[in-house]
Amino acid sequence: MSVTSILSGNKENNQSKSGSEWWRSAVIYQIYPRSFADANGDGMGDLKGITERLPYLARLGVDAIWLSPFYKSPQADAGYDVADYRQVDPLFGTLDDFDAMLDKAHASGLRVLVDLVPNHSSDEHEWFKAALASPEGSPERERYMFRDGKGENGELPPNNWQSVFGGDAWTRPEGQKQWYLHIFDTKQPDFNWQNPEVRAEFESVLRFWLDRGVDGFRVDVAHGLVKEEGLPDFDEEYQQSMVEGGNQGPMWDQDGVHDIYRDWRKVLNEYDGDRMMVAEAWVKPQERLALYIRSDEMQQAFNFDYLLAHWDAAEVRHLIDESLAQTALAKAPTTWVMSNHDSVRHTSRFGLSNPGDRPNGIGRDSEQPDEALGLQRARAFAFVTFFLPGAAYIYQGEELGLPEHTTMEDKYRQDPTFWRTKGEEIGRDGCRVPLPWKADAPAFGFGPSDQTWLPQPQAFARYAVDVEEADSDSTLALYRKVLEVRAEHHLGQGELEWLDAPAEDTLLARNGDVYMMVNFGESAVKLPWDDAKVLAASHAQSSDSELDGNTGIWFQRG
Ligand code: GLC
């Protein structure tokens, strides 16, 4: 058996053993507050619901949680339209509830990251209301991106940019001459990041939450804050999607964004406790992404290439190599992420006829995934993800093997993508459905009532936490086990060595004293050695000497 390559891109990770730079190897659990747990029975998750369920997360074995937005917001984009960056929306509770949650999380050994949404505010933010009420060229307007329109009477948008959610990226408010830019929904006006006042405001927002004790920030649309000088038209042959387009276009990945993150890093460095930032930057290629994690910028960037991977051993291996090589150059950790609140859950993506395809939502008329096969592969894929050196993310419900809601009736949909494209794009509601905690309770135990802001599919009964806690073969039991082995063997701080796999569709690697073998093919593959002592397996295997198709194991030798 020959070692084909040693990826030591995470030497720096060893530091995290001593407790510093915890983020280099952390497992971070994404909480989508609207759908995690509802304490007051109004059908919407809340901060008290999170506090009540912290023991569940501590038991799961994660190091930190990241909360999607819970700030004051009209909820036009599920809270990614912030009306007040320093207030909790009454839907989710109060600042006191936040402080109580934070204290209890810290007492349970969990660090807490919050979402920061700096590209745009809500149109109901005081600043935007003041901008609309102020004359052209006023300081109030300079905080946003107002421009005159084209055409004889300025009746055409200032340029041809399209919104990520569909339709024009410009709106001309009733009775106004000027248009304002919104890369997302009409209700999400983009800030003008050339304006020092905007920069000062966000540094103050950072301090507000750092002073309360948060451990860091997930930075929304981190590649979008600065736009190309002059706002030139955009070659329409590219789709202006964040995901497919990556850094293509005058609204994405401009070099100027890095000055902002250098300033923010200085702010974070004033605080103790190794506070961190992670960039949501849909940027290609990996070399460009690595710029966000230079030593004086953010600590992490989401590895979306990995999230978009197909169920294909060669593709996955290639992505891993590329990610580790790039992040090693930046001396930063890689992040391994399979699902989030913007993507079809990977359990369902892996059950499609082209496993791993990433449709923008799955609707009743779309191809329906094979639920059992998707789950089987998702469980096996966890054996790749949590084996790798670096940090890993879990999207709530992933630890239950929860599938996407693929048959939701359109009338329930809330994602602006669906409504702005007139249903052409299904959108993201299917991955945002409230979690099932108890199979036999109303709303599957999401809260004390039968209310849920999005309907849950019947299938969720099989995935409820109480059902999975009682089943030693459940996905929850598997995640607990995998995270335990990962921690015990320091896999997050380790080094990856690829070994010659016994079959083309199979990955075989070593990290310290643990071996990983994952079979992406359909037929069983012989294990390379007969002295394998299995530490964890995605499924009970049909034979001791073979690895079944679509399954994975970790083992030691001798
Ligand atoms: C990010 C968020 C997404 C949101 C968008 C606009 O991509 O993850 O949910 O719609 O930004 O804020």
Side-chain angles (χ1 to χ4, degrees), residues 28 30-35 66-83 85 89 113-125 128 144-145 161-167 169 181-191 193 202 205 217-225 227 240-247 249 251-253 257 277-283 289 292 300-304 307-308 335 337-345 358 360-361 393 395-396 413-421 425-433 453-454:
I28 302 176
Q30 179 187 358
I31 291 183
Y32 193 67
R34 297 172 66 94
S35 297
W66 143 39
L67 268 60
S68 279
F70 49 81
Y71 313 109
K72 187 151 187 281
S73 159
Q75 305 287 320
D77 183 22
Y80 281 96
D81 49 319
V82 180
Y85 289 87
D89 195 279
L113 308 182
V114 295
D115 223 300
L116 185 75
V117 189
N119 181 67
H120 45 264
S121 69
S122 160
D123 64 341
E124 297 182 30
H125 190 286
F128 193 72
Y144 291 92
M145 305 286 283
W161 296 4
Q162 297 293 295
S163 151
V164 170
F165 294 157
L181 177 69
H182 53 86
I183 291 295
F184 294 90
D185 191 66
T186 317
K187 286 182 68 62
Q188 293 168 295
D190 280 49
F191 280 115
W193 274 91
F202 271 91
V205 170
F217 303 90
R218 176 264 189 190
V219 180
D220 190 61
V221 199
H223 59 316
L225 276 48
K227 277 76 181 176
Q240 192 175 311
S241 130
M242 286 209 298
V243 180
E244 305 304 332
N247 58 333
M251 67 294 289
W252 302 133
D253 195 29
V257 295
M277 294 179 283
V278 52
E280 186 218 20
W282 293 90
V283 164
L289 187 62
Y292 290 75
Q300 295 180 354
F302 289 115
N303 183 350
F304 289 128
L307 179 143
L308 297 174
T335 62
V337 47
M338 301 182 281
S339 281
N340 65 23
H341 66 292
D342 292 328
S343 318
V344 170
R345 285 184 176 276
R358 184 190 185 276
N360 190 354
Y393 280 80
Y395 175 49
Q396 67 176 37
R413 295 196 181 281
Q414 302 213 7
D415 184 354
T417 312
F418 179 82
W419 300 105
R420 288 182 68 93
T421 62
E425 303 280 348
I426 303 294
R428 302 161 293 175
D429 295 305
C431 65
R432 298 176 172 181
V433 175
W453 70 280
L454 284 174

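Each ligand, and each atom within it, is numbered from 1 in the order the structure gives.
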Using every non-hydrogen atom in the two residues, find where Ser122 and Pro189 come nearest and quote the distance to one decimal. C-CD, 3.7 Å
Closer than 4.0 Å to some heavy atom of [X] - which atoms of ligand 1 meet that?
X      : result
His120 : 6 (C), 12 (O)
Arg432 : 9 (O)
Arg428 : 3 (C), 4 (C), 9 (O), 10 (O)
Arg218 : 2 (C), 8 (O)

Kindly assign one of parallel, tilted or perpendicular to the pair Phe191 and His125, based on the angle between their ring planes and the thresholds 30° and 60°. perpendicular
Can you tell me how the ring of Tyr85 sits relative to the ring of Tyr71, calling it parallel under 30°, perpendicular over 60° and tilted otherwise? tilted
Do any nitrogen or oxygen atoms of Trp282 lie less than 3.5 angstrom from nitrogen or oxygen atoms of ligand 1? no
Quick one: look at Phe165 and ligand 1, take heavy-atom pairs under 4.0 Å, and tell me if it's side chain, backbone, both or neither. side chain
Structural part of His182 in contact with ligand 1, heavy atom criterion under 4.0 angstrom: neither
Electrostatic pair Asp415-Arg420, nearest N-O below 4.0 angstrom: no
Salt bridge Arg428-Asp77, side-chain N to carboxylate O under 4.0 Å: yes
Do Arg34 and Gln75 come close enough that some side-chain heavy atom pair is under 4.5 Å? yes
Which of these, Val82, Asp220, Asp77, has its nearest heavy atom closest to atom 10 (O) of ligand 1? Asp77
